[in-house]
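One structure is given below, encoded as structure tokens.
Reckoned from all heavy atoms, side chains included, excluding hydrogens, waters and symmetry mates.
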Amino acid sequence: MDYLQKQSPAFSKSSDSKVSRKYIHNDVAFYVLSKLPIKSLKRFGCVRKSWSSLFDDSHFMTVFRSHLISHNYSDDHHHTFLLIYQRDHADREYAEFHLLDSRTKLNLPPPFSENDRFLSILGKTSINGIFCIGQHLIGGNKVRYVLWNPATEEFVNIPPSPNEVMSKHPLLSVFHKFHGFGYDQLRDDYKVIQYVSFDSSSCVGYDLDSPPPQGIRYDSFFEIYSLRNNSWKILHIDNMSISIVGNAFHGDELYTDGACHWLVKGKLHDTIALMSFDLSHEVFFTTPIDERSELDYGQLAVLNGSIALIINHDNNNIFHISILGELGVKESWIKLFIFGPVPSIDWSLIGFGNKGYIFFRKKDDELAYVDLSTQIIEELGVKGEDCCCKIGIYKESLLSIRGSSN
């Protein structure tokens, strides 16, 4: 309120030294409200009737969207990273990690090298300047993780889960196919999540109802690694009412503001929801989404610190982008952008970069981006095959990976 008092003539002192508080000048209110997060803006809707209908005001929404895009990681410390697989003249794949803004190539941390495949950046972003690189090992049922700070070249190898090294039933296939990486703000701790499942469909004579041998599990479960404790533990989740759909190695997982997020199917398969995991309290919760879509045509991203949902209905290359104002509140989803059709785009999108740019692969394999403020498409001059590119935000930092726990 102090800011409004300084800016608005409505708060200037009158000749009798009294302050008028009857109203806030419309121009000042418009300017201030257009720069608020959606959650705050919705709360201010109860102050004045005209404020509650701002999302229906086309001029206000134009200003609001412009501010949202222009303040999306545009400072010198934020970069757009690209993890891409290329092919040499002998048709051998190799991985490269680039910072697009400075056109800098960085060497991957040990134990990874250019010859490694199936690498992914968990969470689509760095956290305090730190990446979690995950890799599916040959066979698809083993993974390994490395925490890496490119600015300091520090890295930490995360040990395998005991459930990966313990003896398993000879007829049981084990898969680690659901992953997340995030930061516990209360404990200054980095955590990695796995979803462990079992498959006996190809096993003859396997009896799921028979008791498992000692130390072996049959039921699927979540487990979480703590860097501070350097240990894994199983998460006990009761009455999970949604289908677990998603795999961070395919770009479906997202981290922001102390929580990991995934798109999941509800009990009705034509509905989707946002599932979130609070890393500090280690609890799951969901946010309904007022959309009916196949998950193949929906993706999550972070836009100016807010969770964004990008829907491509029926694969028609018309993109709808909604922003979530408040976790757990279905009504706080606000549709901000509709652009297209763009027939040259090959769904799915690769990711968000600086300035709100959306990166994608064209049907001729050229990598390109669209500027949401102008909807103009620019090519990068780089080709990438399907499922071979990861793009996101990297904020440079000199912090140690182990932090105060070191």
Side-chain angles (χ1 to χ4, degrees), residues 66-88 93-117 119-135 146-156 181 183 190 251 254-256 301-306 308 349-362 365-385 387-401:
S66 176
H67 172 78
L68 188 72
I69 295 170
S70 64
H71 287 74
N72 188 61
Y73 306 124
S74 56
D75 60 73
D76 294 336
H77 298 288
H78 285 90
H79 305 275
T80 302
F81 72 81
L82 167 65
L83 175 63
I84 187 171
Y85 294 100
Q86 304 278 31
R87 292 183 183 272
D88 60 18
E93 282 191 351
Y94 61 96
E96 290 187 344
F97 187 93
H98 297 265
L99 300 182
L100 295 180
D101 315 75
S102 58
R103 300 184 179 274
T104 303
K105 177 185 174 183
L106 302 180
N107 293 324
L108 291 166
F112 301 131
S113 69
E114 288 188 347
N115 296 323
D116 278 303
R117 301 176 62 192
L119 301 182
S120 184
I121 304 296
L122 301 190
K124 299 183 180 180
T125 186
S126 67
I127 304 173
N128 302 325
I130 297 165
F131 288 106
C132 181
I133 302 180
Q135 181 189 36
V146 172
L147 302 185
W148 173 45
N149 185 336
T152 62
E153 299 185 354
E154 180 188 9
F155 66 92
V156 174
F181 165 63
Y183 179 64
Y190 296 94
L254 180 75
Y255 169 84
T256 184
V302 175
L303 185 58
N304 197 18
S306 297
L349 303 182
I350 300 173
F352 266 80
N354 276 351
K355 303 178 183 178
Y357 292 167
I358 303 179
F359 290 81
F360 57 90
R361 186 176 66 90
K362 299 178 69 174
D365 287 340
E366 286 286 342
L367 300 187
Y369 65 89
V370 59
D371 183 343
L372 284 177
S373 61
T374 63
Q375 299 196 13
I376 295 176
I377 296 176
E378 298 284 349
E379 293 186 352
L380 293 182
V382 177
K383 284 186 177 289
E385 297 180 2
C387 299
C388 76
C389 310
K390 312 292 179 185
I391 284 180
I393 298 294
Y394 163 55
K395 182 179 180 181
E396 189 173 334
S397 172
L398 298 179
L399 291 175
S400 168
I401 293 176

In Å and rounded to the nearest 0.5 Å, what is the OG1 to NZ distance from T256 to K124?
12.0 Å
Looking at V146 and P109, what are the two nearest heavy atoms and their distance?
CG1-CG, 4.2 Å
How long is the straight-line distance from CG of L367 back to CZ of F360, given to the nearest 0.5 Å?
9.5 Å
Student check: side-chain heavy atoms of Y369 and L380 closer than 4.5 Å:
yes
Return the NZ to CZ distance between K390 and F359, rounded to the nearest 0.5 Å.
15.5 Å
Quick check: Y394 with F81 (ring centres under 6.0 Å apart)?
no
Could you walk me through whether F155 and N149 pass the side-chain contact (heavy atoms from CB on, under 4.5 Å) check?
CA-CA 6 Å; F155 66 92; N149 185 336; over 6 Å; no
Residue pair G353 / I393: nearest heavy atoms and the distance that separates them:
C-CD1, 3.4 Å
Where is the tightest heavy-atom contact between A368 and I377, given as atom of each residue plus distance?
CB-CG2, 4.0 Å
So, for C389 and I350, which heavy atoms are closest and what is the spacing to 0.1 Å?
O-CG2, 3.6 Å
Using only atom types and a distance under 3.5 Å, with no angle test, would you say the side chain of N128 pairs donor to acceptor with the backbone of S397?
no
What is the distance from atom CZ of F131 to atom OG of S120, rounded to the nearest 0.5 Å?
11.5 Å
Contacts of type side-chain contact (heavy atoms from CB on, under 4.5 Å), residue L106, not counting sequence neighbours
F97, L99, T104, W148, P150
Once rounded to the nearest 0.5 Å, what's the spacing between atom OG1 of T80 and atom CG of N354?
4.0 Å
Rounded distance (nearest 0.5 Å) linking atom CD of E378 with atom CD1 of I376:
7.0 Å
Counting N and O atoms only, with roles assigned by atom type, does the side chain of E154 sit under 3.5 Å from a partner on the main chain of I401, one being a donor and the other an acceptor?
yes
Looking at L122, is its backbone amide N or carbonyl O close enough to the side chain of Y255 to form a donor-acceptor pair, meaning the two atoms are under 3.5 Å apart?
no
Search all heavy atoms of K383 against all heavy atoms of I84 and return the closest pair with its distance.
O-CD1, 3.6 Å
Search all heavy atoms of L303 against all heavy atoms of A308 and return the closest pair with its distance.
CB-CB, 4.2 Å
